[in-house]
Every structure is written in C-alpha cells, then in structure tokens.
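Encoded as structure tokens, the structure appears first; notes follow it.
A note on names: the letters A, B, ... follow the listed sequences, proteins ahead of strands, and every chain is numbered from 1. Atom set for the values below is all heavy atoms of this structure, side chains included, hydrogens, waters and symmetry mates excluded.
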Amino acid sequence: AQSVTQLGSHVSVSEGALVLLRCNYSSSVPPYLFWYVQYPNQGLQLLLKYTTGATLVKGINGFEAEFKKSETSFHLTKPSAHMSDAAEYFCAVTNSGYSTLTFGKGTMLLVSP
Amino acid sequence: DTEVTQTPKHLVMGMTNKKSLKCEQHMGHRAMYWYKQKAKKPPELMFVYSYEKLSINESVPSRFSPECPNSSLLNLHLHALQPEDSALYLCASSQPGQGFSGQYFGPGTRLTVT
C-alpha cells in the first residue's frame, strides 16, 4: 500500500528565506508524486508533479521538487518565500492502479515579514 | 481549459432536507472523484467514477448518493445529513490508468448541516 509522510505540520519562514517542505513516501510500484497547495476556503491546486523522466521538476510560483528514489523523498523547495506562499501544502502519491491519490497530512507554511 | 467547476459554493441545509452538489469538467477526463475535507485535514476520498461507472465507494453512508450522468458531470445527492457531515466537499477529475497525470480539483462546496 502507498503512504506519505510529511514532516512538520507547521513550517515558519521569514519573507525571502528558503522554503523546504519535506515529503517521504512508500509505494509498491514506481510512484507518481504530486504537491498541491490549498489557500483558505479554496480547492487544491496542483503545484507540480513527477511521473517519469527528469527527477527535478519545476512547478508554478517558483516551486520545485526533486524525486530521490534512494531516499524515497520528494521534498518541495522555493529559494525565496513570499507572503503569498502562506498556505497548506499536501504531498500525494498514486495508488498501484494509478487512479487515486494518497495524501499526506499536510504542512501549513507560515511566512512572516 | 483546466477548470473544474462546482456549484453551489456554499450550502446550508437542515437534517431533513434533500439537496445536490454539482461538478463539471471539460478536460476530457474519464475519472471523477468526490472528496470530503474537514478543517486542517487532508481530503478524504468518498467516491470514484471511471468511464461513468462507480469504481470506488469508500464505505460512505447511504445518505450520500453519487451520480455520473455523463463524462463531464458529477453529482452528489444529499439526504438526511447529520451535523458531522458539515465540511468542504471537493470534486476532482483526472485521466485514469497510465494516462494519470494528477487530479484537478474544483473550488469546493462549503456545506453546513444545521
């Protein structure tokens, strides 16, 4: 069965600082991995995805993530945080049939001036 | 067009009411999903339709009844709900199988049961 662990339910950074949100996964098949962002009272927006090919993937809003098979990780980074990045972030992995997602518990990113 | 739309945005209903949530996508996706999300929690999968057939029902109470009239539309019929059913209900769509490249979510319906 697939699972996702997001380390840290809350991460606080200052504006302009590096953002690092951690995600580790477990999968019985080659994983497809995703990061989603959710702003208050909104749906989930797909930030970026890894399916096959290049292990460093770039997404929207300056975010990127690197798939590291040996570490079973897919950490999300952004070089310089903006106030507008404050939101809930979810890491997700596909099931073995590549039709549903298993979500991590989420990490709330707080950005201070 | 990468948009999934949901109506209504907000819904308040009593425990004896019958109401429906609607979802629409025009991305040509053949899988559609209903999720329930409580505050500060990840979305919980309720139902999956694949090629207009119900493929997954995550042991959801029968007071929730999904319907997929065609490949673009998904409904969730609500009847005799409980206050604990108050939540954000999210619809999503994707291509199933090896064409899967992520689920695309709508903005959600905020449901309050009084």
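Linking ILVMFWY side-chain heavy atoms closer than 4.5 Å, directly or via other members, places V4(B) and L90(B) in a single hydrophobic cluster. Residue W35(A) is grouped with residue V37(A) when hydrophobic side chains (ILVMFWY) are merged at heavy-atom distances under 4.5 angstrom, including chains of intermediate members. The hydrophobic clustering, which links ILVMFWY residues whose side-chain heavy atoms are closer than 4.5 Å, places F90(A) and L33(A) apart. V113(B) and L76(B) fall within a single hydrophobic cluster, where Ile, Leu, Val, Met, Phe, Trp and Tyr side chains are chained together by heavy-atom contacts under 4.5 Å. Cluster annotation: V60(B) is connected to L78(B) through the hydrophobic network of ILVMFWY side chains, with a link wherever side-chain heavy atoms come within less than 4.5 Å.
Neither the backbone nor the side chain of Y50(A) comes within less than 4.5 Å of any heavy atom in chain B.
Atoms CD1 and CG, from I56(B) and N95(A) in turn, are 6.5 Å apart once rounded to the nearest 0.5 Å. Here F105(B) contributes atom CZ and Q42(A) contributes atom CD; the two are 14.0 Å apart, rounded to the nearest 0.5 Å. For the atom pair CD of E88(A) and NZ of K41(B), the computed distance is 10.5 Å after rounding to the nearest 0.5 Å.
Within a 6.0 Å sphere centred on CG of N41(A), heavy atoms belonging to other residues, nucleotides or ligands number 12 at most. For NZ of K38(B), the number of neighbouring non-hydrogen atoms (other residues, nucleotides, ligands) closer than 6.0 Å is greater than 12.
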Practice item. Show your working on side-chain contact (heavy atoms from CB on, under 4.5 Å) between Q37(B) and Q38(A) and close with a plain yes or no. Key: CA-CA 12 Å; Q37(B) 187 180 29; Q38(A) 187 176 31; 2.7 Å; yes

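Among the candidates L101(A), L46(A), T94(A), the residue making the largest number of heavy-atom pairs closer than 4.5 Å to chain B is L101(A).
Looking at heavy atoms from C-beta onward, P43(B) lies in side-chain contact with L44(A) at the 4.5 angstrom threshold.
Remark: side-chain polar atoms of Y36(A) are paired, donor with acceptor, to backbone N or O of Q103(B) under 3.5 angstrom.
Across all non-hydrogen atoms, the minimal contact from T51(A) to F100(B) is CG2-O, 4.3 Å. For K105(A) against P42(B), the heavy-atom pair with the smallest separation is O-CD, 4.0 Å.
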